[in-house]
Amino acid sequence: MKKKHRIQKLLCPLLALLLAMTSAVPVFAETSSVAAWPSAPEIADESGVLMEVSTGQVLFDKDMNEIRYPASTTKAMTALLILENIDDLNQKVTFTDVILPDLAPGNSTINAQVGEELTVEQCLYAIMLASANEVCTQMAVEVAGSVSAFTDMMNARAAELGCKNTHFVNANGLPDPNHYTTAYDLALILAEAVKNENFCKIAGADKYTIPATNKTSTPRNLENHNALLTEGDYKYEGAIAGKTGHTEAARNTLITAATRDDMTLVCVVMRSEGNDRFTDTIKLFDYGFDNSEKLPVYWLKAPDSEEPDGYVILPKGASTASMMVTDQDTEGVSRTGTYSYQGREILKLTAAFPLQVETRTTSDMSMFKVGTVKKQLVSPLVFPAMLLIFAGLCAGLVSVLVQYVRKKKAKKNRKKRKKITS
C-alpha cells in the first residue's frame, strides 16, 4: 500500500498540472457566430419566391418551380429585350393595321391607331404602366420582324438566364397553353431586368403622360398598377420596379424589386386573390430585409483584397466563418468551391486552372473545409507551446518512473545482499 501511495504522490501533481494547462488554454477559439435561418412567413398565394439579385440566392420558396401562367408579368421580358436591342429610345415606331386586329376586346390597351407614331420610350411606358397588349405586339415586330421571331428571342434569352420551365408564344402574356413559366424563372428575368437603369426608370414610375400624337389630340395619362410603387396603403420603401398581371387563367400575379442596405431583392407571387399579392410581397420583403445581410466571401483571394470572390446572404448576426466550403477539382480543368450554411447550399464559385491564389492571413483560417478542417488558433504560438509543455510533462513522468524503478530495484538488491550476509 505504501508503494502505491508513493507513486500516486509522484503522479498526481503532474496529472493535475496537465489538466490545468489543457483546460486553462483552449486549443481553438470561437471564430464565428452561428445564427439560425429565420422562420419563413406564411403567404396566401399559391406560388412565391424571394431572391437576392447579386447572388441569385433564394431566401423564400413556396412551390417556386410549379408551372403557372404569367399573364402580363411576361412584359418584363418584352421590355428587357426591347431595351437590349434598341439603343435610341427616341426612335419612332409606326403602328400598322397588321398588329391591331390581333387585340381582342376588353384587353389592356392604349387604343393605338393605325399609322400612329410613338417613340420607343413611350411604347415602353405603355407596356409597363398601362400593360398595353397591342404595343407589345407592335414592338415585337419592330425588334424581330415578327411575333414568332421575337418569341424565339424571348425563349433564348430565358434559357440564357437559367430559366428551365419557361416558354413564351406571345409578347404580352395573353393566355395560351404553351405560354407558361414559374415564380423562380420570373425572378431570374426580373433580376436581370433591374440591372438596366432604363428598365427601373420606366417600370418604377408612378405615372407617365404620352402627349398628343399625329393620330390623337389628347394626352394619354398612364398609371402604374403595382401598388407597391405608387402612393397609398401598399407603397413600399425601396421598391424600384415591378409589373402586375391578371387573367382568369393566371389569376393575379406580381413581380417586384426593392433595394435596401446594399441588397436588392426580387419577389414573385403567382395565383393570388384580391390584394394578397401586395400584402404577401410586403411580408416577404420585410422578412428578407429584416433578417438577412449580404457578406463578402474570400475563397482564392485574401481577405484584404479590394474585391471578394463573391457574396452570400446569411442571417443577421452570422459570420462567413461559420460556413462550410467543399473544394472539388474537375479533371485538372477547374476548381469549384461550394459553400453551405447550416446544411443549406448557398454559393458555388468556380476558377479555371492555373489558380490565382492570393496569400491567406490567419484570420482567413477560420473557414471549415470538408476533408481538411481548419480553425483559427488563439495565437499561432499556443499550440506548439502546449505541445512542448505536454512533451516536458511526459518526459518528467518518465523520469520519475525510471527513478522509482531504480530505487525499487536498489532496495531489492540491498535486501538480497543483507539476506545473503546473514
Side-chain angles (χ1 to χ4, degrees), residues 69-105 107-181 185-186 188-190 192-199 201-203 208 210 213-216 220 222 243 245 247 255:
Y69 291 124
S72 286
T73 55
T74 298
K75 295 177 172 80
M77 175 62 88
T78 301
L80 175 62
L81 285 180
I82 294 169
L83 289 166
E84 289 179 341
N85 288 277
I86 299 179
D87 295 328
D88 183 8
L89 298 188
N90 292 316
Q91 176 182 317
K92 292 286 187 178
V93 177
T94 302
F95 282 76
T96 68
D97 57 357
V98 175
I99 303 304
L100 302 182
D102 292 341
L103 187 66
N107 289 318
S108 299
T109 175
I110 61 167
N111 295 312
Q113 304 298 307
V114 175
E116 185 168 13
E117 292 182 350
L118 296 176
T119 66
V120 171
E121 183 177 55
Q122 290 168 348
C123 288
L124 284 166
Y125 276 106
I127 289 169
M128 296 306 294
L129 270 60
S131 206
N133 291 326
E134 83 277 28
V135 180
C136 292
T137 305
Q138 182 66 63
M139 288 306 302
V141 174
E142 191 75 18
V143 170
S146 68
V147 173
S148 61
F150 188 78
T151 56
D152 287 343
M153 293 175 63
M154 295 172 75
N155 291 321
R157 191 72 174 98
E160 286 178 8
L161 296 176
C163 301
K164 299 184 183 302
N165 298 291
T166 293
H167 188 261
F168 298 115
V169 297
N170 59 57
N172 45 43
L174 291 173
D176 188 288
N178 294 314
H179 190 96
Y180 54 81
T181 187
D185 285 0
L186 279 176
L188 293 175
I189 293 168
L190 183 60
E192 182 67 18
V194 295
K195 296 175 185 177
N196 187 298
E197 290 183 9
N198 283 323
F199 180 90
K201 171 190 168 186
I202 293 166
Y208 182 79
I210 300 176
T213 70
N214 62 321
K215 291 291 183 177
T216 59
R220 295 180 176 97
L222 314 179
K243 184 71 188 78
T247 64
I255 60 174

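All residue numbers refer to positions in the sequence shown, counting from 1. Everything numeric here is computed off the predicted structure, so don't read it as measured data. Keep in mind that the numbers below use all heavy atoms, side chains included, and drop hydrogens, waters and symmetry copies.
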Could you tell me whether the side chain of [X] and the main chain of [Y] form a donor-acceptor pair under 3.5 Å?
X: Asn172; Y: Ala132; result: no
X: Asn214; Y: Glu117; result: yes
X: Gln138; Y: Thr96; result: yes
X: Glu134; Y: Ala112; result: yes
X: Thr73; Y: Gly245; result: no
X: Arg157; Y: Leu81; result: no

Rounded to the nearest 0.5 Å, what separates atom [atom1] in [X] from atom [atom2] in [Y]?
X: Ile86; Y: Gln91; atom1: CD1; atom2: CD; value: 5.0 Å
X: Leu129; Y: Ile202; atom1: CG; atom2: CD1; value: 9.0 Å
X: Asn155; Y: Glu160; atom1: CG; atom2: CD; value: 11.5 Å

(message) Side chains of Ile110 and Gln122, heavy atoms from C-beta outward: is any pair under 4.5 Å?
(response) no
(request) Answer whether the closest heavy-atom distance between the side chains of Thr78 and Phe150 falls below 4.5 Å. (result) yes
(request) Report the C-alpha separation of Gln113 and Thr213 in whole Å, then their side-chain angles, then the decisive distance to 0.1 Å, and conclude whether the side chain to side chain contact (heavy atoms under 4.5 Å, CB included) test is met. (result) CA-CA 10 Å; Gln113 304 298 307; Thr213 70; over 6 Å; no
(message) Show, in sequence, the C-alpha distance, side-chain angles and deciding distance for Lys92 and Thr119, and conclude whether the side chain to side chain contact (heavy atoms under 4.5 Å, CB included) test is met.
(response) CA-CA 4 Å; Lys92 292 286 187 178; Thr119 66; 4.3 Å; yes
(request) Say whether Lys243 and Thr74, considering side chains only, have a donor N or O and an acceptor N or O under 3.5 Å apart. (result) no
